[in-house]
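Report on the structure given below.
All residue numbers refer to positions in the sequence shown, counting from 1.
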Amino acid sequence: MDRGLVTLQLIPPPPGASVAAVVGHYLRQLPEDADSQTSLVFYRRLLAAMDAAPKSDRRYTYDEGWYVEMRDCVQRCIDSHAARCS
C-alpha cells in the first residue's frame with residue numbers, strides 16, 4: 001500500500017521474470033536522491049514484485065537462501081524508511 005502523495009514511476013518487470021531479474025530491474029530504477037517516503041514506496045513495490053515472481057527459478061539450496069536474505073534485506077529497508085516517515 002502506497003501512502004501519501006508520492007508519485008513514483010517504475011517500469012514493471014517483464015512477465016515471468018525471475019526473482020533475481022526483478023531485483024536487478026527495480027534496483028536500476030531506484031532514485032538516487034529519494035527521500036524516505038519515496039524510498040518506502042519503492043521498497044514496498046520491490047517486495048511485492050519479488051513475492052509475485054515465479055518460484056520455479058529457485059532450483060538450488062543457494063537460490064532459496066539468497067531469496068530469503070534478499071527479502072529480509074528489503075523488509076529491513078521498508079521498516080527503516082517507515083520509521084523515518086512516522
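- For Ser36, the side chain to side chain contact (heavy atoms under 4.5 Å, CB included) test picks out His81, Arg84, Cys85, with sequence neighbours left out.
- Between the CZ atom of Arg44 and the OG atom of Ser39 there is a distance of 12.0 Å, given to the nearest 0.5 Å.
- Closest approach of Ala17 and Ala53 over heavy atoms only: O-CB, 3.6 Å.
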Residues 72-79 side chain polar contacts: donor-acceptor under 3.5 Å, at least two apart:
from	atom 1	to	atom 2	distance (Å)
Gln75	NE2	Asp79	OD1	2.9

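- Side-chain atoms of Arg45 never come within 3.5 Å of backbone atoms of Leu10 as a donor-acceptor pair (strictly under, hydrogens ignored).
- Evaluation of the ring pair (Phe, Tyr, Trp, His ring centres under 6.0 Å) rule for Phe42 yields no partner, not counting sequence neighbours.
- Each of Leu46, Val19, Leu47 was scored for a side chain to side chain contact (heavy atoms under 4.5 Å, CB included) with Arg71, with one residue passing: Leu47.
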Side-chain atoms of residues 23-32: list all donor-acceptor pairs with protein atoms under 3.5 Å, sequence neighbours left out, distances to 0.1 Å.
from	atom 1	to	atom 2	distance (Å)
His25	NE2	Ile11	O	2.6
His25	NE2	Pro12	O	3.2
His25	NE2	Gln29	NE2	3.1
Arg28	NH1	Gly24	O	3.3
Gln29	OE1	Ile11	N	2.7
Gln29	NE2	Ile11	O	3.0
Gln29	NE2	His25	O	3.3

